[in-house]
Peer 1: 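After the structure tokens below, expect a handful of questions from me.
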Amino acid sequence: MQPDARWSSRLLKRLLVLLFLAAMPLHASAQDYPNKPMRMIVAYPPGGASDVVARLIGQHMGETFRQPVVIENRAGANGIIALQFVAQSAPDGYTLLMGNVGPNAINPSIYNKVPYDAIKDFVPVSLTHLVPLMLVVNSSLGVNSVAELIAKAKAAPGVLTYGTGGTGTAGHMAMELFMPIAGIRMERISYKGDGLALNDMLGGQITAMFTTVVSGESHVQSGKLKALAVTTTKRLARKPDLPTIAELGMPGFEVVTWGGVMVPANTPRPIVAKLNAEINRILKLPEFRERLARVGAETTGGTPEEFQAYLAAEIEKWARVAKAANIKVE
């Protein structure tokens with residue numbers, strides 16, 4: 001064998017050994033994972049849909065993996081605090097994020113700068129749940145359909161009002177998507193939370209709002225509020241008589257608050273796959289689905305690639321809405 005050939009052969013063997021050694025930690029980390037406690041970061045206070053879903057998933061995951069999953073609520077700044085923390089965490093599968101439409105898909109368009117990249121800093125694992133919204137008005141308004149609300153708003157431009165739980169919330173963005181399509185304009189009154197907006201709805205201080213089904217349902221049942229439509233593409237099984245906005249002349253209209261598990265960028269693919277398989281198993285459990293239904297959420301699931309595509313579409317949609325309505329948080 002010529003010297004050059006022997007040198008090339010030795011170099012090739014060394015490269016193969018290096019590649020083998022480089023692959024060993026990745027394989028081992030996935031095979032042995034998890035071997036210590038995990039934590040799931042939630043961007044909101046305890047009690048909401050995201051928190052409930054995170055705790056349920058954490059409980060079942062802990063039983064399967066035989067490692068505790070600690071839920072940490074890092075609320076504040078429209079989710080920025082939580083997402084920045086996860087983005088800066090080690091990509092080892094031990095810090096998970098319960099992502100949400102607001103911080104993950106809306107914030108990048110309404111803030112001049114956020115301390116994370118919504119696409120590059122996270123790896124989607126699985127979409128977990130959707131929380132439908134419904135359009136409600138005060139019953140004293142005498143409006144019984146979306147068509148009647150639109151007609152009333154057109155007859156008195158700028159007179160009707162709508163409430164939101166803050167700038168860039170799902171309810172705010174839903175109305176900003178709805179009004180241009182409907183050809184109307186209502187004046188926004190912003191509150192520090194949907195609960196305060198609903199209180200003024202009940203008192204007749206504001207005309208309309210988009211709220212979650214679970215938050216508004218009791219007031220609809222009492223007769224104080226009138227539900228006009230839901231924001232999903234299909235009617236809800238629990239409210240089959242309530243039409244979708246999409247079927248009322250606005251094809252494709254869909255607004256939901258959603259949640260899904262994510263991990264920091266560069267988390268090894270085998271760990272992502274292991275988490276995805278376990279989360280999708282949990283989402284199919286009858287008791288899990290029933291528990292989510294009680295907080296107004298619907299289970300989803302799917303692959304990391306499907307979640308990635310859904311996230312990209314949501315970011316693009318809300319960027320268009322934010323630009324058209326000039327929505328910015330100073």
Side-chain angles (χ1 to χ4, degrees), residues 43-44 48 50 75-84 99-119 121-122 130-137 146 149-150 153-154 157-198 200-201 205-212 215-216 229-232 245-246 250 252-259 310-330:
Y44 300 101
S50 289
N78 279 357
I80 291 175
I81 293 172
L83 270 70
Q84 182 179 17
N100 186 272
V101 60
N104 287 94
I106 296 175
N107 279 1
S109 296
I110 65 174
Y111 286 89
N112 289 328
K113 186 177 181 181
V114 290
Y116 57 85
D117 188 301
I119 292 291
D121 287 344
F122 306 97
L130 305 177
V131 181
L133 304 181
M134 62 181 176
L135 177 58
V136 296
V137 295
V146 170
L149 176 64
I150 293 173
K154 286 183 175 180
V159 173
L160 302 189
T161 57
Y162 73 95
T164 72
T167 300
T169 58
H172 178 204
M173 302 301 280
M175 191 62 81
E176 292 293 353
L177 179 63
F178 171 79
M179 289 189 295
I181 300 173
I184 62 173
R185 189 71 215 172
M186 295 188 288
E187 294 301 312
R188 179 168 78 103
I189 301 179
S190 186
Y191 298 82
K192 292 183 178 180
D194 282 354
L196 295 174
L198 272 173
D200 270 10
M201 275 283 296
Q205 282 83 18
I206 54 179
T207 307
M209 72 177 290
F210 281 101
T211 185
T212 61
S215 296
V230 292
T231 59
T232 45
I245 290 178
M250 300 184 188
F253 187 99
E254 180 185 25
V255 180
V256 293
T257 64
W258 53 260
Y310 183 79
L311 174 62
E314 284 284 281
I315 291 174
E316 182 182 354
K317 176 169 72 176
W318 296 124
R320 290 196 306 269
V321 173
K323 183 177 180 180
N326 194 29
I327 301 171
K328 285 290 180 184
V329 177
E330 301 298 332

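Atoms considered below: every heavy atom in the structure, side chains included; atoms not considered: hydrogens, waters and symmetry mates.
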Peer 1: Does Tyr191 have any ring-ring contact (aromatic ring centres under 6.0 Å, His included) partners at least two apart in sequence or in another chain, and if so, which?
Peer 2: none
Peer 1: For a 4.5 angstrom cut-off between non-hydrogen side-chain atoms, does Ile245 reach Val230?
Peer 2: no
Peer 1: Would you name the heavy atoms of Ala208 and Val137 that are closest together and state the gap between them?
Peer 2: CB-CG1, 3.8 Å
Peer 1: Assess whether a salt bridge exists between Glu176 and Arg320, defined as any Lys/Arg side-chain N lying under 4.0 Å from an Asp/Glu carboxylate O.
Peer 2: no
Peer 1: So does Leu133 get a backbone contact from the side chain of Thr231, meaning a donor-acceptor N/O pair under 3.5 Å?
Peer 2: yes
Peer 1: Between Tyr162 and Met186, which heavy-atom pair has the shortest distance, and what is it?
Peer 2: CE2-O, 3.4 Å
Peer 1: Which atom pair, heavy atoms only, marks the closest approach of Ala43 to Gly79?
Peer 2: CB-CA, 3.8 Å
Peer 1: How many angstroms lie between atom OG1 of Thr167 and atom CD1 of Ile106, to the nearest 0.5 angstrom?
Peer 2: 11.5 Å
Peer 1: Under the side chain to side chain contact (heavy atoms under 4.5 Å, CB included) criterion, do Leu311 and Ile119 qualify, and how do the steps go?
Peer 2: CA-CA 8 Å; Leu311 174 62; Ile119 292 291; 4.0 Å; yes
Peer 1: Closer than 3.5 angstrom, by distance alone: can the side chain of Lys328 be matched with the main-chain N or O of Ser109 as a donor-acceptor pair?
Peer 2: yes
Peer 1: For Glu254, is there any backbone N or O sitting under 3.5 Å from a side-chain donor or acceptor partner on Lys317?
Peer 2: yes
Peer 1: Before giving the answer on side chain to side chain contact (heavy atoms under 4.5 Å, CB included), spell out for Phe253 and Leu177 the whole-Å C-alpha distance, their side-chain angles and the decisive distance to 0.1 Å.
Peer 2: CA-CA 8 Å; Phe253 187 99; Leu177 179 63; 3.7 Å; yes
Peer 1: How close do Ile206 and Gly163 get, counting heavy atoms only, and between which atoms?
Peer 2: CD1-CA, 3.7 Å
Peer 1: Flag the pair Val255 / Trp318 as yes when at least one side-chain heavy-atom distance between them is below 4.5 Å, and no otherwise.
Peer 2: yes
Peer 1: Side-chain contact test, heavy atoms from C-beta onward, threshold under 4.5 Å: evaluate it for Ser50 versus Trp258 and give yes or no.
Peer 2: no
Peer 1: Check whether any side-chain heavy atom of Ile189 lies under 4.5 Å from a side-chain heavy atom of Asp200, and answer yes or no.
Peer 2: no
Peer 1: Side-chain contact test, heavy atoms from C-beta onward, threshold under 4.5 Å: evaluate it for Pro115 versus Gln84 and give yes or no.
Peer 2: yes
Peer 1: What heavy-atom pair brings Thr161 and Gln205 nearest, and what distance separates the two atoms?
Peer 2: OG1-O, 3.9 Å
Peer 1: Under a 4.5 Å cut-off applied to non-hydrogen side-chain atoms, are Leu149 and Leu160 in contact?
Peer 2: yes
Peer 1: Side chain to side chain contact (heavy atoms under 4.5 Å, CB included) for Asn104 and Val101? Distances and angles first, verdict last.
Peer 2: CA-CA 5 Å; Asn104 287 94; Val101 60; over 6 Å; no
Peer 1: How many angstroms lie between atom CE of Met201 and atom CE of Met209, to the nearest 0.5 angstrom?
Peer 2: 7.0 Å
Peer 1: Quick one: do the Arg188 and Thr164 side chains pair a donor with an acceptor below 3.5 Å?
Peer 2: yes
Peer 1: Find the distance between CG (Leu83) and CG (Asn107) and round it off to the nearest 0.5 Å.
Peer 2: 8.0 Å
Peer 1: His172 vs Ile327, test: side chain to side chain contact (heavy atoms under 4.5 Å, CB included). Steps then yes/no.
Peer 2: CA-CA 10 Å; His172 178 204; Ile327 301 171; 3.8 Å; yes
Peer 1: Shortest non-hydrogen contact from Pro108 to Ala105?
Peer 2: CD-C, 3.9 Å
Peer 1: Using the test side-chain hydrogen bond (donor to acceptor under 3.5 Å, both in side chains), find all partners of Asn78 that sit at least two apart in sequence or belong to another chain.
Peer 2: Tyr111
Peer 1: With side chains defined as the heavy atoms from C-beta onward, is the minimum distance between Phe178 and Leu135 less than 4.5 Å?
Peer 2: yes
Peer 1: Ignoring hydrogens and angles, tell me if any N or O in the side chain of Asn100 forms a donor-acceptor pair with the backbone of Gly259 under 3.5 Å.
Peer 2: no
Peer 1: Mind checking whether Phe122 and Tyr116 have parallel, tilted or perpendicular rings, split at 30° and 60°?
Peer 2: perpendicular
Peer 1: Please identify each residue that fulfils side-chain hydrogen bond (donor to acceptor under 3.5 Å, both in side chains) with Ser215, with sequence neighbours left out.
Peer 2: Thr212
